[in-house]
Amino acid sequence: MGVALKGLYAISDLKLTPYPDLLKLAARAIEGGVSFLQLRDKEHSDQELLGLAKELNDLCTKKGVGFVINDRLCLALECNAWGLHLGGEDMPLSEARARFSGVIGVSCYGDLERAKQAQAQGADYVAFGACFKSPSKPKAPCIDLEILARAKACLTIPVCAIGGVNAQNIAQLRHADMVALISALWQGDVRANAQNLLENWHAY
């Protein structure tokens, strides 16, 4: 599935997207224009998540949206996910790349050198953040947004911005190819939120 690495990137949240509602919420987000959906869960086992992951993957595949698993290589392989995202504490990118042929993204926080290394090791995109104070990760330090422009100038892979993004500040992220969202997307009318975020992002 040839999904372009650009657009809004929805990330699930155990509180804001409870699993009985996640399929419905994901469908609404996709209707609003979201290009990617990441299943992020630090609490449940792979086996507990497998059924849901397969359903989400089916939905995303039908809609032409990239389905990403956060951190869990085995689960990504088992549900045939389109993508895998690795954070700073996860397995080495080289190990994941050797076993996973899909799209791999890497969190680089505010570290451009880490991003360059990730690109050299086969990452398909890199993520920088937190861009703003984040309700989901209140202790995450904020980056200088100038790093997004610097990253675009020296990398050949897409750049994702994450952390505290909302309809009021998304226009500041004009150098990002992808913008990851949690709170600003899932609270209230999800479809309208996605549409509003897209409109404001492209309003610069």
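The structure displayed is predicted, hence computed values, not measured ones.
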Check residues 18-34 and write down every donor-acceptor pair under 3.5 Å in which the side-chain atom is one partner and the other belongs to a residue at least two apart or another chain.
{"residue": "Tyr19", "atom": "OH", "partner": "Asp41", "partner atom": "OD2", "Å": "2.5"}
{"residue": "Arg28", "atom": "NH1", "partner": "Glu31", "partner atom": "OE1", "Å": "3.2"}

For residues 152-167, which side-chain N or O atoms pair as donor and acceptor with protein atoms under 3.5 Å away, sequence neighbours left out?
{"residue": "Lys152", "atom": "NZ", "partner": "Asp177", "partner atom": "OD1", "Å": "3.0"}
{"residue": "Lys152", "atom": "NZ", "partner": "Asp177", "partner atom": "OD2", "Å": "3.0"}
{"residue": "Thr156", "atom": "OG1", "partner": "Gln119", "partner atom": "OE1", "Å": "3.2"}
{"residue": "Asn166", "atom": "OD1", "partner": "Gln168", "partner atom": "N", "Å": "2.9"}
{"residue": "Asn166", "atom": "OD1", "partner": "Asn169", "partner atom": "N", "Å": "3.0"}
{"residue": "Asn166", "atom": "OD1", "partner": "Asn169", "partner atom": "ND2", "Å": "3.4"}

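In the hydrophobic clustering of ILVMFWY residues, with side-chain heavy atoms under 4.5 Å counting as a link, Leu5 and Leu84 come out apart. Under the 4.5 Å side-chain contact rule for hydrophobic residues, Leu77 and Leu93 share a cluster. Linking ILVMFWY side-chain heavy atoms closer than 4.5 Å, directly or via other members, places Phe100 and Ile69 in two distinct hydrophobic clusters. At a threshold of 4.5 Å between side-chain heavy atoms, the hydrophobic network of Ile, Leu, Val, Met, Phe, Trp and Tyr places Phe128 and Leu145 in one connected group. At a threshold of 4.5 Å between side-chain heavy atoms, the hydrophobic network of Ile, Leu, Val, Met, Phe, Trp and Tyr places Val190 and Tyr9 in one connected group.
Side-chain atoms of Thr61 come within 3.5 Å of backbone N or O of Asn57 as a donor-acceptor pair. Panel note: side chain Tyr109, backbone Pro141; no donor-acceptor pair is recorded below 3.5 Å. No donor-acceptor pair under 3.5 Å is formed between the side chain of Trp186 and the backbone N or O of Asp13.
The closest side-chain heavy-atom distance from Val106 to Gln121 is not below 4.5 Å. The closest side-chain heavy-atom distance from Ser35 to Val65 is not below 4.5 Å. Proximity of Arg97 to Asp124: side-chain heavy atoms (C-beta onward) are separated by under 4.5 Å at one or more points. In this structure, the side chains of Trp82 and Phe36 come closer than 4.5 Å at one or more pairs of heavy atoms.
Under 4.0 Å is where a charged nitrogen must lie from a carboxylate oxygen, and between Lys116 and Asp111 no such pair does.
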Starting from the C-alpha separation in whole Å, work towards a yes-or-no answer on side chain to side chain contact (heavy atoms under 4.5 Å, CB included) for Asn80 and Lys54.
CA-CA 8 Å; Asn80 196 31; Lys54 285 182 174 179; over 6 Å; no

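Residue Lys42 places its NZ atom among more than 12 non-hydrogen atoms of other residues, nucleotides or ligands, all under 6.0 Å distant.
Aromatic pair His85/Tyr125: ring centres closer than 6.0 Å.
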